[in-house]
Amino acid sequence: DSGVTQTPKHLITATGQRVTLRCSPRSGDLSVYWYQQSLDQGLQFLIQYYNGEERAKGNILERFSAQQFPDLHSELNLSSLELGDSALYFCASSFTGQSNQPQHFGDGTRLSIL
Amino acid sequence: AQKVTQAQTEISVVEKEDVTLDCVYETRDTTYYLFWYKQPPSGELVFLIRRNSFDEQNEISGRYSWNFQKSTSSFNFTITASQVVDSAVYFCALSDFNSGGGADGLTFGKGTHLIIQP
């Protein structure tokens, strides 16, 4: 158990809809990362937050947004969903978000777009 | 730009055989960090090891060992006396120090699917 909690585990929705994925980092970790894992793109970094502030952006679409709240949990919002957004979405956390620190991953949220 | 290449898409061996998973990376930075993660069939990503660019010592942890060679930009992972429970997808990943203030997220390879047959 990594200590990172992601909910829900599975999400099934339709094209055009909006969903919110939630992540609670490990106790004591201040930084949260979001990744997308799909068959064609592999594991891709989306965005990072540190102590409530956005720190780095990766290959995140404009239809996607995220935030980190004062209690350090984070939410990833996906809107105007398309079939290609079907993927496993991981949240990870680390203590300070520096590149030398291992990131500990949650179990992921599997998103299926019908 | 960073890049991680895991050329072996799938490896299948019989239990108790030794197996090596290859990882080759590209980065322009002199300070960087390499990681291996395991993704078992249940789907979670499990951190295995971190190595920084200044430490070329090989590391051994039980049946697992890692060989880091800067000269060939490789960070290979060997499992000795493999077991069925080692069956998983293994990812090599890179994080460098200077990109985006040292916080650009991990660059992952495509992964190697390791199948250990009983």
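Residue numbering restarts at 1 for every chain, and letters A, B, ... go by the order of the sequence lines.
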Lys NZ or Arg CZ of A:Arg55 over A:Tyr50 ring: under 6.0 Å, within 45°:
yes
Can you confirm whether the side chains of A:Gln68 and A:Glu75 place a donor and an acceptor under 3.5 Å from each other?
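No donor-acceptor contact under 3.5 Å links the two side chains.
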task = Can you check whether anything in residues 83-92 of chain A gets within less than 4.5 Å of chain B, heavy-atom wise, and list it by number?
result =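 Residues of residues 83-92 of chain A touching chain B at under 4.5 Å: A:Leu88, A:Phe90.
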Next on the checklist: Quick check on A:Arg110: does its CZ atom have over 12 non-hydrogen neighbours (other residues, nucleotides or ligands) under 6.0 Å away?
Outcome noted: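 Incorrect, the count does not exceed 12.
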Quick check: B:Tyr25 with B:Tyr32 (ring centres under 6.0 Å apart)?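 Yes.
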Tell me if the aromatic rings of A:Phe105 and A:Tyr35 count as close, with their centers under 6.0 Å from one another.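 They qualify: ring centres under 6.0 Å apart.
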Practice task
Answer with side chain, backbone, both or neither: which region of A:Asp40 has an atom nearer than 4.5 Å to a non-hydrogen atom of chain B?
Solution key: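 When you check distances to chain B, only backbone atoms of A:Asp40 fall under 4.5 Å.
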Exercise. Side chain, backbone, both or neither: which part of A:Gln37 has a non-hydrogen atom closer than 4.5 Å to chain B?
Worked result: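 It is the side chain, since no backbone atom gets that close.
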Residues passing the ring-ring contact (aromatic ring centres under 6.0 Å, His included) test with B:Phe77, sequence neighbours excluded, are B:Trp36, B:Tyr64, B:Trp66, B:Tyr90
**Request:** Please step through ring pair (Phe, Tyr, Trp, His ring centres under 6.0 Å) for the pair B:Tyr37 and B:Phe91, ending with a clear verdict.
**Result:** CA-CA 5 Å; B:Tyr37 283 84; B:Phe91 291 95; 8.5 Å; no
